[in-house]
Amino acid sequence: MELSKELDVASSLNNLRSCNLEFGANAQQWQTLVDDYFCAPTGTSPESDEEVSDEGSDECELNSHNELKIVGQNELGLSDISSANIDGEAASIDDGDVEDAGDDIVFDEIAIVMENVSIVNHEDYAGETEKIVNFTCVVKSSKNSCCLNDGNPCCTALSTEFMHELRTTMSSLPAYEKDLILLGKLSSGINMKETTASSKRKRQTQRKHQRTCYCVEGTRICRETFKFLHCISQDKLTALLKHYKEHGLTPRHKKSGGRQKTNARFLTFEDVSRVVTFIVNFSEVHALVLPGRVPGFKRFDIKLLPSMYTKASIWRLYQSAMNAEGYRAVKVHSFRNLWRSLVPYIVMTKPMTDLCWTCQKNNSRIYRSMNIPEAEKSAELLKQQDHLVKVTLERTLYQDMVKKASNTFKDSAIKLGKNAPMSRDIKMHYSFDYAQQVHYPNDPYQPGPMYFLVPRKCGIFGVACEAVPQQLNFVIDEAVLISKGANAVISYLDYFFDHYGFGEKDLELHCDNCSGQNKNNFMLWYLAWRIINGLHRSISLNFLVAGHTKFAPDWCFGLVKQKYRRTMVSSLDNFVDVVNSSTIVGTNIAQKVGTSSGDVIVPYYDWNKFLSLYFRTVPGIKKFQHFRFDAAHPGEVFRKEYADSAEENFQLLRDVNNLPQASKPGTIPPPGLSYERKLYLFDKIREFCSIETRDITCPAPGPAPAIVNDPAVVNDFVARKPAKRPGTQLDQGNLVPKRGRGGRGRGRRGRGGAPT
């Protein structure tokens with residue numbers, strides 16, 4: 001069946017609607033009527049229909065989804081052309097395109113008909129009837145009240161059914177046809193003679209305004225009733241009267257607000273359909289469909305095209321295809337506008353998008369499972385479904401914890417600050433993570449030579465409290481950095497609980513699955529140590545599924561990076577100001593771990609060495625996502641693989657009678673900057689700093705360190721890469737240049753770069 005027949009059916013049903021016959025059946029009965037029209041009876045094949053099987057016509061068949069499958073000759077040159085869904089409305093292709101279609105073209109004919117039929121349900125009918133009953137044409141002033149119906153308002157002379165039918169008909173008409181009908185009615189009642197025609201005056205005067213009598217099927221009505229019955233405003237009526245006086249009974253044309261059909265640049269429906277079809281087919285071949293919501297997008301049906309493509313490059317492919325087939329190609333600006341408005345769910349992948357590797361592998365296998373057995377295909381689908389169920393479960397748990405913590409401070413303006421441990425009988429949730437390190441000096445107008453250099457490094461570790469919301473950002477200059485391992489993470493958390501915590505009794509933590517920083521035995525030992533020493537009543541440590549770890553710290557880091565990219569930063573204090581001013585309400589708070597000169601503010605403790613004396617390792621720690629500690633079971637950890645898994649306990653203590661002491665372990669002094677690094681900053685980076693910060697960020701390195709005859713010191717020094725003249729040897733405790741060509745064979749390695 002050709003596509004024009006669906007539109008004919010839709011037009012016929014719309015005619016029924018205009019006669020108010022649709023109220024005899026509900027929407028389900030209308031759907032059944034359309035189903036019976038298009039679907040073949042049980043046991044009957046559409047191929048057996050004589051009309052379909054005639055020579056020269058397209059072959060048709062109904063698939064399992066009641067969709068008509070039309071097979072013909074393709075002249076578009078586009079593979080797998082399907083009807084595109086344009087903003088919820090079914091798109092169609094003209095008759096010529098259907099007859100020329102060569103690949104399998106599937107039209108959901110039932111959807112096309114039902115989308116083109118505007119059926120008013122019973123609720124709409126009842127609401128319209130109530131509006132008619134409550135209408136009155138009597139104005140507030142009794143002097144101007146309508147009394148055309150034997151002294152009564154004129155609207156009382158009309159039946160409710162008649163008024164409803166007329167309003168429904170006028171509402172369903174296009175604006176062009178509606179204007180013609182109204183102009184015809186106005187022409188029969190308007191009086192534009194030069195003189196008045198008053199029966200009470202002997203001499204008539206010059207007419208200044210037209211006089212209009214409004215009638216409906218022989219019944220005279222007032223202006224208010226006329227506007228209500230025809231669903232128009234006073235401005236619309238005034239415009240029609242003005243047009244009639246100037247141009248007579250001629251059609252109205254808009255002078256602005258849209259393109260005229262006579263304009264050669266006007267895009268036809270076929271032009272738009274070909275654009276949408278090309279984009280949809282291109283995405284079917286190249287796009288990656290990720291189940292669930294993709295970070296950064298609000299829609300759930302996002303299709304991600306590879307980042308190597310741009311809309312302009314896809315438009316060039318579209319233009320080539322249209323030129324080859326002899327069709328009109330829209331310009332690139334219209335192509336982008338149509339893409340943005342009609343298929344916004346097809347987007348380009350950002351190069352830095354953090355996608356789940358498990359999802360990518362599963363989707364890739366599903367995409368390539370066209371010709372594999374059904375059993376294997378079902379197994380791949382179930383595998384991806386199981387992964388998504390687990391991800392959704394973990395994400396829901398995180399959201400529930402955040403929501404409960406937010407309700408704790410819903411009506412208070414409390415902020416992060418120092419509080420005594422166990423001082424509030426509340427449950428609080430925190431999230432923590434590392435951000436990508438930044439460099440300073442930073443110039444928004446990046447100087448060319450700066451691109452090839454390594455400025456001073458600064459790390460960021462954030463602890464977010466979603467309930468407030470606020471995040472404490474530890475700003476870590478490379479002069480006070482020891483590592484990104486467990487000792488550093490635990491030291492930052494310990495400092496946060498002592499100086500910025502709410503003093504909660506019950507603690508909930510969320511972080512990612514990084515084993516070197518968060519998911520390790522030292523972190524579990526530290527949390528057990530806090531329970532044993534009465535710093536918390538209960539603690540739960542939860543890990544998000546790898547690849548699905550976007551949470552509150554990433555949001556706060558993004559705010560900092562936005563401000564950082566637009567600000568001139570020449571020192572550590574400048575970057576602290578950037579963090580504090582990244583939001584107006586003070587969401588981000590900066591805490592320096594140390595100064596640029598190497599003075600420590602946040603001490604590092606040797607937790608690994610201290611806690612290993614009292615606790616033992618947890619076997620198979622990587623497969624578990626949730627760990628819980630409570631004061632009723634000191635020294636024990638309750639672990640489970642997923643949120644809905646069964647818990648199992650494990651005794652962490654080596655000896656239950658030998659509990660760890662409450663005092664903190666010894667500190668770890670940062671190694672500071674090496675002499676070579678100081679020399680590099682002074683020679684290469686100093687000129688890019690502001691004058692007032694040069695001696696702070698890139699001070700003079702001073703004299704070279706003296707080398708003694710201690711073998712440990714000598715070996716440590718020799719192991720470092722010198723800034724200049726790498727060929728040196730040890731001679732009686734001093735470093736002297738090697739004789740001859742000692743640096744031969746090293747090539748260009750180490751030249752012009754930053755020392756390690």
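Listed for the Asp179 side chain is no donor-acceptor partner under 3.5 Å among the backbone atoms of Tyr176. Between the Trp339 side chain and the Val276 main chain, no donor and acceptor come within less than 3.5 Å of each other. In this structure, Arg395 contributes its side chain and His548 its backbone to a donor-acceptor pair below 3.5 Å. Counting only distance, with no hydrogens or angles, the side chain of His243 and the backbone of Ala239 share no donor-acceptor pair below 3.5 Å. Listed for the Asp271 side chain is a donor-acceptor partner under 3.5 Å among the backbone atoms of Thr268.
Side-chain contact between Arg274 and Val330 is absent, with no heavy-atom pair separated by less than 4.5 Å. For the pair Ile132/Phe162, no side-chain contact is recorded, criterion being any heavy-atom separation below 4.5 Å from C-beta on. Side-chain atoms of Leu183 and Thr250, non-hydrogen and from C-beta on, never get closer than 4.5 Å to each other. Side-chain contact between Leu237 and Tyr214: present, with at least one pair of heavy atoms (C-beta onward) separated by less than 4.5 Å.
With Leu338 as reference, Val275 is the one residue of Val275, Ile279, Val343 to meet the side-chain contact (heavy atoms from CB on, under 4.5 Å) rule.
Inspection of the Lys185 and His230 side chains reveals an N or O donor paired with an N or O acceptor under 3.5 Å. Between the side chains of Thr169 and Glu165, no donor-acceptor pair is found at a separation under 3.5 Å. For Thr168 and Ser171, the side-chain atoms include no donor-acceptor pair closer than 3.5 Å. Side chains of Asn323 and Ser320: a donor-acceptor N/O pair is absent below 3.5 angstrom, by distance only.
Thr587 approaches Pro469 most closely through the heavy-atom pair CG2-O, 3.9 Å. When all heavy atoms of Thr225 and Cys222 are compared, the closest pair comes out as OG1-SG, 3.2 Å. Heavy atoms only, all atoms of each residue included: Ala321 and Phe278 are closest at CB-CE1, 4.1 Å.
One distance of note links SG of Cys137 with CG of Leu158; it measures 9.0 Å at 0.5 Å rounding. Interatomic distance, Ser159 OG to His164 NE2, rounded to the nearest 0.5 Å: 11.5 Å. A distance of 10.5 Å separates CG of Asn281 from NE2 of His286, quoted to the nearest 0.5 Å.
Remark: Lys311 pairs with no residue by the side-chain hydrogen bond (donor to acceptor under 3.5 Å, both in side chains) rule, at least two apart or across chains.
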| message | Working note: Lys227 + Ser233, criterion side-chain contact (heavy atoms from CB on, under 4.5 Å); need CA distance, chi angles, decisive distance, verdict. | response | CA-CA 6 Å; Lys227 293 189 296 181; Ser233 63; over 6 Å; no
| request: Applying salt bridge (charged side-chain N to carboxylate O under 4.0 Å, His left out), run through Glu466 and Lys403 and close with a yes or a no. | output: CA-CA 9 Å; Glu466 297 90 345; Lys403 185 176 181 180; over 6 Å; no
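Within 6.0 Å of CZ on Arg167 lie more than 12 heavy atoms contributed by other residues, nucleotides or ligands.
With ring centers used as reference points, Tyr309 lies under 6.0 Å from Phe282.
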